[in-house]
Number of protein chains: 2
Amino acid sequence: MRKGPSLAGIVQRLEDRGCRVTAPRLAVLAAAADAGDQFSAEDVARRVPHVGRATVFRTLKLLVEMDVLCRVLLDDGSLRYRWSRRGHHHHLVCTACGAVEDFTLCDVTELLRELTRAINFSVEGHWLEVYGRCAACSVQPVGAPA
Amino acid sequence: MRKGPSLAGIVQRLEDRGCRVTAPRLAVLAAAADAGDQFSAEDVARRVPHVGRATVFRTLKLLVEMDVLCRVLLDDGSLRYRWSRRGHHHHLVCTACGAVEDFTLCDVTELLRELTRAINFSVEGHWLEVYGRCAACSVQPVGAPA
DNA sequence: ATTAATGCAAATTCTTTGCACTAAA
DNA sequence: TTTAGTGCAAAGAATTTGCATTAAT
């Protein structure tokens, strides 16, 4: 289920960062790996009842900073986590079944270059989420419940 | 301060929608008009202490649905409201001073067309926020406090 | 009159904090 | 040892909900 780097790789990055590799962190990592394509902090917390809620949030935040996970903004405004493909990318979010697909094409910064040069705005970053119907859901009238 | 359509225009649209033009709604509208370039629900609520919190949120939601206001996702993940320029557009958010600029160029859907056709994803919408430094803040080392 | 809209206060949801405690290094 | 990391429970924010009440048409 996990799509990111190997556990060993993440552990290595934690150490490089000067972070300790603790049991709760490994548990959160394992829970995230099992939580499916995209998951909420609550989804993770539910899978590790023996780990404190705060630790779950702290660990998720750390993993996002490390670019192990990324955050996805759903159609309804709620936030989810997802294994990051490392590096800048965007999401195609299916509004019918909730599936998320990554894409890296279409460098938006590049596209914005001319525009932002015109008004003298220096782009530091951007956030783009694309909503629609995935292949499966655009065939059937309505996809999964949500 | 307000950049959207005239109050009369909004009232008209409320009526067209079958919504009543009530005193609290007008108060929220006025508060939003005075709240500056972009504001939180709390900013509006503070300006209309005589209007119930729930009504503020209900009204803001209604105004977003009506495309009178739009929502801006700030760099830190917090949500703000802003007068909408009506129709699809995006924001350039200055990470130094917080100023928000609209832009309509660079139709992302168009750019995504080829990509999404390749993987058979039908785009229904997208959300794009661009972060960086506005003209004023890219000159000075650091802009306003926040 | 009707019934949409409101106000209030409680309930939710999601996340962070304070702090004594535990365990990696 | 030392101090990063943890757990708990409480505190917060940002909204939302239930429901009796009010007011716009």
Side-chain angles (χ1 to χ4, degrees), chain A residues 7 10-32 35 38-66 68-82 146, chain B residues 7-8 10-32 35 38-66 68-69 71-82 146:
Chain A
L7 184 56
I10 297 170
V11 167
Q12 184 61 57
R13 280 202 266 154
L14 274 169
E15 287 170 345
D16 292 348
R17 217 170 194 272
C19 293
R20 289 181 185 170
V21 180
T22 62
R25 285 183 174 161
L26 291 174
V28 167
L29 233 18
Q38 34 106 346
F39 46 87
S40 63
E42 183 56 39
D43 291 333
V44 173
R46 208 179 302 119
R47 283 162 196 267
V48 284
H50 54 289
V51 174
R53 208 171 195 59
T55 298
V56 169
F57 279 96
R58 284 188 283 235
T59 305
L60 289 176
K61 177 178 281 186
L62 174 63
L63 293 174
V64 168
E65 278 167 15
M66 289 173 63
V68 168
L69 299 180
C70 58
R71 310 203 299 172
V72 184
L73 185 66
L74 297 191
D75 201 31
D76 65 1
S78 64
L79 208 59
R80 291 290 130 81
Y81 294 88
R82 184 164 205 268
Chain B
L7 184 57
I10 297 170
V11 167
Q12 184 61 58
R13 280 201 265 155
L14 274 168
E15 287 169 345
D16 293 348
R17 215 168 195 275
C19 294
R20 289 180 184 171
V21 180
T22 63
R25 282 181 177 164
L26 291 174
V28 167
L29 233 17
Q38 33 106 350
F39 45 88
S40 62
E42 183 56 37
D43 291 334
V44 173
R46 209 179 302 121
R47 283 160 197 269
V48 284
H50 54 292
V51 173
R53 214 174 193 57
T55 299
V56 170
F57 279 97
R58 283 187 283 235
T59 305
L60 289 176
K61 177 178 281 185
L62 174 63
L63 292 173
V64 169
E65 278 167 14
M66 289 172 65
V68 168
L69 299 180
R71 311 203 299 172
V72 184
L73 185 66
L74 297 192
D75 202 30
D76 65 0
S78 64
L79 209 59
R80 291 290 131 80
Y81 294 87
R82 185 163 204 267

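Every chain is numbered from 1, with letters handed out A, B, ... down the list of sequences.
In summary, contact between chain A and DNA chain C, defined as any nucleotide atom under 4.0 Å from a heavy atom of the protein, begins and ends at C:dT15 to C:dA25 in the 5' to 3' direction.
For the pair A:Asp43 and A:Gln38, the minimum side-chain heavy-atom distance is 4.5 Å or more. Within the 4.5 Å cutoff, the side chain of B:Val51 has no heavy atoms near those of the B:Val44 side chain. Residues A:Arg71 and A:Arg80 are not in side-chain contact: their nearest non-hydrogen atoms beyond the backbone lie 4.5 Å or more apart. You'll find the side chain of B:Val72 stays beyond 4.5 Å of the side chain of B:Tyr81, heavy atoms only.
Put simply, CG on A:Leu7 and CG on A:Leu14 are 9.0 Å apart, with the number rounded to the nearest 0.5 Å. To the nearest 0.5 angstrom, B:Ile10 atom CD1 is 7.5 Å from B:Leu69 atom CG.
From one end of the helix from C:dA1-D:dT25 to C:dA25-D:dT1 to the other, with five pairs defining each end axis, the axis direction shifts by 30° (rounded to 10°).
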Check: residues 19-28 of chain B side-chain donor-acceptor pairs under 3.5 Å, at least two apart:
residue	atom	partner	partner atom	Å
B:Thr22	OG1	B:Arg25	N	3.4
B:Arg25	NH1	B:Arg20	O	2.9

**Prompt:** Can you check side-chain contact (heavy atoms from CB on, under 4.5 Å) on B:Val11 and B:Leu29, steps first, answer last?
**Reply:** CA-CA 10 Å; B:Val11 167; B:Leu29 233 17; 5.6 Å; no

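Partners of A:Asp16 according to the side-chain contact (heavy atoms from CB on, under 4.5 Å) rule, which considers only residues two or more places apart in sequence or in another chain, are A:Gln12.
Taking only side-chain nitrogens and oxygens, A:Thr55 comes nearer than 4.0 Å to OP1 or OP2 of D:dG7.
Take the nearest nucleotide of DNA chain C for B:Cys19 and for B:Pro49: the residue whose nucleotide is more 5' is B:Cys19.
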**Request:** Could you encode protein contacts along nucleotides 13-19 of chain D as a string, one character per nucleotide from 5' to 3', using B for base contact, S for sugar-phosphate-only contact and - for no contact, with a heavy-atom cut-off of under 4.0 Å?
**Result:** --BBBB-

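A:Arg20 has its CZ atom 15 Å from the P atom of D:dT1, to the nearest Å.
Counting only residues at least two apart or in different chains, side-chain hydrogen bond (donor to acceptor under 3.5 Å, both in side chains) contacts with residues 51-61 of chain B comprise B:Glu42-B:Arg53.
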